[in-house]
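Proteins come first, then strands; the chains are lettered A, B, ... in the order of their sequence lines, and each starts at number 1.
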2 protein chains.
Amino acid sequence: MYTAWVNTSERLIESTRELLWERGYVGTSPKAIQQRAGAGQGSMYHHFAGKHELALTAIRRTADDMRARAEEQLSAPGTALERLTAYLLRERDVLKGCPIGRLTQDPDVMADPVLRAPVDETFVWLRGRLADILAEGRDRGELDAALDPAGTASAVVAVLQGGYVLARAADSAELFHTAVTGVLALLSSRTTP
Amino acid sequence: MYTAWVNTSERLIESTRELLWERGYVGTSPKAIQQRAGAGQGSMYHHFAGKHELALTAIRRTADDMRARAEEQLSAPGTALERLTAYLLRERDVLKGCPIGRLTQDPDVMADPVLRAPVDETFVWLRGRLADILAEGRDRGELDAALDPAGTASAVVAVLQGGYVLARAADSAELFHTAVTGVLALLSSRTTP
DNA sequence: GTCTATAATAAGATAGAC
DNA sequence: GTCTATCTTATTATAGAC
């Protein structure tokens, strides 16, 4: 439960973000949100129209957050492969999984175009961003000239998302690392010496 | 709703399998299972102790099924890369996602060692099976001698699982194909000519 | 084996007092 | 803005008749 150094609206949003991450939309009840936020029933419905609006606010914030933190590594100095590696191997809450990716498994989120949009946009952006970096690396001669930026970017993002799945299945964060290292090894072998 | 050419117990199990795939454990209610199976309340509780036992039966069957269908491609004749490619590119219900992988996002499944076991075992098996095939391909000189079978197998399984995530996020089965093709391109470039 | 009560608890909100 | 009351509908069963 959040303490009172932020306002109720803020605590409700942050509680929702946590619960969506831990339990998804279907698994999160208004009551659970209120309890974690230390807010009453009436308080929640004063600030938000209901579970849906609260979730939308929470998802948008998480999406923005994810993008900003990715950009930290991706816009750092270094070669394409260095920035990509830094991004893939940065510290992550591996066993909690990806707070955006997990929403793709939520039937009520996928069925709702409004809730779904930020999820879609996040991956569109990430794939595009990685493709640009890969293309840059290829054009600078750091990577194999035959490398397909878009296809490789999709594969890399998929390894991230799938790495979370494998790690959670095995209850071992190491498996995420194994998968990521595995794809980096394949990619590095296409480096032009 | 299932018609009556199979018995009630069987219809309950198959309905549960479908619902777990579509909505996960948390999102599936006993009532929904009964309705899809065309079975009454009492009927369900006669055959199964409750939602948990039914889900366990359903998950185990789905896991067995998935393994058997993977083995179809993986044990076929051909080189390591051919069998791997056949497995990765076989027909799949891409937008529905992986019925086992999606369970890793279910908090109640992951919190229960009994429900979780078949999920874990399925991925342990699949990673091992792919690693064996990759090792075989490497030892036969079909793949790069420096290739790490276990790490590459994990990356490949991760691409599959992540491919489902990307496809669902974009509501486009093609994205799954893009990711899989992307990793195959990286892998093929390590073929020894 | 299947059906119809019955029931305690939770989900997801609305109403109106304070 | 927050709180308590109230409401309807699910959830997840159990009990016992048929």
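For B:Arg129, the side chain to side chain contact (heavy atoms under 4.5 Å, CB included) partners are B:Glu71, B:Leu74, B:Ser75, B:Trp125, B:Ile133, not counting sequence neighbours. Among residues two or more places apart in sequence or in another chain, the side chain to side chain contact (heavy atoms under 4.5 Å, CB included) test is passed with B:Gln73 by B:Ala86, B:Tyr87, B:Arg90. Not counting sequence neighbours, the partners of A:Arg60 by the side chain to side chain contact (heavy atoms under 4.5 Å, CB included) test are A:Leu56, A:Pro118. Partners of A:Asp120 by salt bridge (charged side-chain N to carboxylate O under 4.0 Å, His left out), not counting sequence neighbours: none found.
Between the side chains of A:Gln161 and B:Gln161, no donor-acceptor pair of N or O atoms lies under 3.5 Å.
The residues A:Arg23 and B:Asp106 are annotated as not salt-bridged, no charged nitrogen and carboxylate oxygen being separated by less than 4.0 angstrom.
Relative to the six-membered ring of A:Tyr164, A:Lys96 misses at least one condition, a distance below 6.0 Å or an angle of at most 45° to the axis.
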Mind listing the N/O atom pairs, protein and nucleotides 12-14 of chain D, below 3.5 Å?
unit_1 : atom_1 : unit_2  : atom_2 : d
D:dA13 : OP2    : B:Lys51 : N      : 3.4
D:dA13 : O5'    : B:Tyr45 : OH     : 2.9
D:dA13 : N7     : B:Gln41 : NE2    : 2.6
D:dA13 : N6     : B:Gln41 : NE2    : 2.5

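Read 5' to 3', the first and last nucleotides of DNA chain C with an atom closer than 4.0 Å to a heavy atom of chain A are C:dA11 to C:dT14.
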